Amino acid sequence: MKKVKTRFAPSPTGYLHIGGVRTALFNYLYAKHCGGEFVLRIEDTDRERYTPEAIELIYRDLKWMGLAWDEIMESQFARRDRHMEVANELLVKGAAYKCFTTKEELAELREKATEEKRAFRFESKWRDVDPADYPIDQEYVVRLKTPLDGETIVNDDIRGTVSFPNKDIDDLILVRSDNTPVYQLSVVVDDHDMGITHVIRGEEHLNNAPKQVLIMKAMGWDEPTYGHIPLILAPAGQQGKLSKRHGATAVGDYINAGFLPEGLFNYLLRLGWGHGDDEIISREQAIEWFDLSGVVKAGARFDMQKAISVNGYYIREADTARVTELTIPFLEKKLDRILTDAEKELLSKAMPEVQERVKTLVEAADLASFYFISEMPELDEKTKKVLDKPIPVNDSEESKHPKEIFCDSFAKLEELDWTVDSLNDYFNALAEKHNVKLGKMLQPLRVAIAYSTITPPLYEAMVLLGKEECLKRMNNACD
RNA sequence: GUCCCCAUCGUCUAGCGGUUAGGACUCCGGAUUUUCAUUCCGGCAACAGGGGUUCGAAUCCCCUUGGGGAUGCCA
């Protein structure tokens, strides 16, 4: 039994798509599950769309997700000579031919077919021309001579055996007229040369598989096993596969949205793959459990709510020091300034209560921001209202305005020992004195101190904030 | 148009001939919590339709419908 070797082969155009990392993830998991190797190959044969920045993004995002590759081919384009060598061999064998039809002629034929609502199937008149009769000094492409009848079988571990009638497969181009190899050729040659045993990739490649099998056959090479995974579709109610217009598609978007790598890892794993009722699955567990038979055949819609929910689990579980570190840049962005060491210390003290209440790092920065903003920011209507909302008096129709309760009590607060216990005693007594429910009474105070109705436990926050700062904020609210 | 793939709650999924069709997200109740979040209980909600095969189909076969992909000198 050959050692399993999978590959992730992105093309460096733009950013790394979320569907791309999922493909990488499945390749990685399958390889690791089988004790094999996972290789990364940059498919940069299209020089017009290639950008070096895109390659850096691929490296960054894969590393961020913890998908370390065991081997890398940094440039497929660099191997073009070898690809051309194979093309020539095919030519010599008579399995391929030179086609002198121009792009313009081709476009015309295609257009005509569309107009007449016919299936476009190009039949080159050069297919059976003797090489001795080829014109000289004329541009040509190299095409594969696809069998006219019979069928080509693709063995797919996810879909089973898929067969394609050869009559529907056209004579695909192997080499462009500028003498550069095309992806279809390069993939096959590289997969073979690198010893790839399992080609796991998006379903959009399923139609390419028979063409690649045909090339393999023409070369007399062993075919790999395929695994075409379903596409990630647009969110519920929207059409097509997930794309930019449906929202976040780049891995970078999720990093910026405050996802933890393990959160995205887990969500993506479950999107198109299942293992019984298991939802929270660690990396180690995933490697142990992952197999191609668990891959769901139907396309899966991306659900941001669930992704965030899963991420929330990991935020709560994560080490506090780590979440603190990760939250700092988000907080600095929000505050638009660098945090001092003292502030970082404060953040880490606040974090245990913060991380329990948020689902992303962005939310963590939002929730913790009141520790660092002395002036009350613009509040939304609902929150603002709490500041003036009358507090009902127990067993009566009456109610008291928050100011009535708080604004004359500063003198006593100033003398108070500023601890959770004494604050607790103090406010309990205050609520009793005014005969109101503690929870109701504390709500406006919460907003005055933390500018939100959602905060860490109030007394704890007040202690961290310090007496002076709290009194200042209460004073401001009383004006 | 042609080819290929697919089809269980709104969404992600379990189920692989005999189940009260399970779990998760969302939503709605309730409990805990000084508030919020968490957590815990409970609820709403699905086998696309039609034919077969079978003692018995969500499960197997066929058709219809629906969805997705491909149809490039892109990958």
Side-chain angles (χ1 to χ4, degrees), chain A residues 9-13 43-46 48-49 76 99 101-103 106-107 110 113-114 116-121 139-143 154 156 158-159 162-165 167-170 172-178 180 182-184 186-187 201-210 228 230-231 233 235-237 239-241 267 270-280 296-310 312-313 316 353-359 363 367 386 424 427-428 431 437-443 445-447 450 452-459:
Chain A
S11 57
T13 55
E43 305 217 325
D44 56 351
T45 50
D46 181 356
E48 286 178 21
R49 296 199 304 159
Q76 183 168 61
C99 175
T101 312
T102 64
K103 283 182 197 174
L106 216 45
R110 190 172 288 123
T114 317
E116 293 171 13
K117 290 197 165 184
R118 276 188 296 110
F120 175 69
R121 192 173 179 307
E139 283 197 341
Y140 63 87
V141 297
V142 176
R143 287 180 184 270
V154 173
D156 190 297
I158 296 170
R159 279 152 219 286
V162 187
S163 68
F164 297 81
K167 67 174 175 57
D168 294 324
I169 304 172
D170 61 0
L172 73 153
I173 291 175
L174 266 19
V175 179
R176 298 186 186 92
S177 52
D178 65 359
T180 58
V182 149
Y183 148 85
Q184 300 273 27
S186 302
V187 186
R201 61 197 345 178
E203 200 189 351
E204 74 269 26
H205 288 288
L206 186 51
N207 291 285
N208 289 328
H228 288 95
L231 267 26
L233 270 23
Q239 284 194 325
K241 57 179 172 180
Y267 176 72
R270 284 285 293 101
L271 192 66
W273 181 81
H275 184 269
D277 283 342
D278 297 300
E279 295 287 346
I280 297 297
V296 178
K297 288 185 262 192
R301 295 191 180 281
F302 192 90
D303 183 355
M304 188 58 110
Q305 284 296 342
K306 185 153 182 175
I308 286 176
S309 164
V310 171
Y313 170 83
R316 289 192 298 279
E353 293 295 345
V354 170
Q355 80 184 100
E356 240 182 276
R357 289 167 171 72
V358 298
K359 294 192 171 76
E363 285 179 21
L367 181 55
V386 176
N424 187 41
F427 286 112
N428 271 333
K437 279 214 165 69
L438 182 66
K440 298 271 183 199
M441 185 187 85
L442 252 24
Q443 230 14 32
L445 180 64
R446 182 185 307 279
V447 174
S452 170
T453 52
I454 303 171
T455 73
L458 189 53
Y459 305 145

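Atoms considered below: every heavy atom in the structure, side chains included; atoms not considered: hydrogens, waters and symmetry mates. Only a predicted model underlies this, so the values are computations on that prediction, with no experimental measurement involved.
When the side-chain nitrogen and oxygen atoms of A:Arg121 are compared with OP1 and OP2 of B:G1, none of them lie within a distance under 4.0 Å. Applying the 4.0 Å criterion to OP1 and OP2 of B:A37, one finds that A:Thr455 has every side-chain N and O outside that range. Close to B:U71, at under 4.0 Å from its OP1 or OP2, lies no side-chain N or O of A:Arg110.
Comparing B:U19 with B:U8, their C1' atoms are spaced 14 Å from each other, to the whole Å. Spacing of P atoms, B:U65 relative to B:C27, comes out at 38 Å, to the nearest Å.
As rounded to whole Å, 12 Å separates atom C1' of B:A70 from atom CG of A:Asp168. For the pair A:Arg159 CZ and B:G68 P, the computed distance is 15 Å after rounding to whole Å. Counting to the nearest Å, the P atom of B:G68 and the CD1 atom of A:Ile158 are 20 Å from each other. Nucleotide B:A37 holds its P atom 16 Å from the CG atom of A:Leu458, rounded to whole Å. Summarising the geometry, the separation between NE2 on A:His228 and C1' on B:C6 is reported as 15 Å, rounded to the nearest angstrom.
Using a 4.0 Å heavy-atom cutoff across all strands shown, A:Gly272 reaches sugar-phosphate atoms only and no base atom. When heavy atoms are screened at a 4.0 angstrom cut-off, A:Pro457 is found touching base atoms of the nucleic acid.
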Which nucleotides of nucleotides 21-31 of chain B have their base under 4.0 Å from a protein heavy atom (B), which only their sugar-phosphate (S), and which neither (-), written as one string 5' to 3'?
-BBBSS-----
Using a 4.0 Å cut-off on protein heavy atoms (strictly under), produce a 5'-to-3' string for nucleotides 60-67 of chain B with B for base contact, S for backbone-only sugar-phosphate contact, and - for none.
--------
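The side-chain hydrogen bond (donor to acceptor under 3.5 Å, both in side chains) check on A:Asp277 picks up nothing, with sequence neighbours excluded.
Under the 4.5 Å side-chain criterion, counting only non-hydrogen atoms from C-beta, A:Arg201 is in contact with A:His228.
Residue-to-nucleotide contacts include a donor-acceptor pair under 3.5 Å from the side chain of A:Arg446 to the base of B:U35. Between the base of B:C73 and the side chain of A:Ser177 there is a donor-acceptor pair shorter than 3.5 Å.
For the pair A:Lys241 and A:Val175, both in contact range of RNA chain B, the more 5′-proximal nearest nucleotide belongs to A:Lys241.
Taking the charged nitrogens against the carboxylate oxygens, A:Lys306 and A:Glu279 do have a contact shorter than 4.0 Å, which makes a salt bridge.
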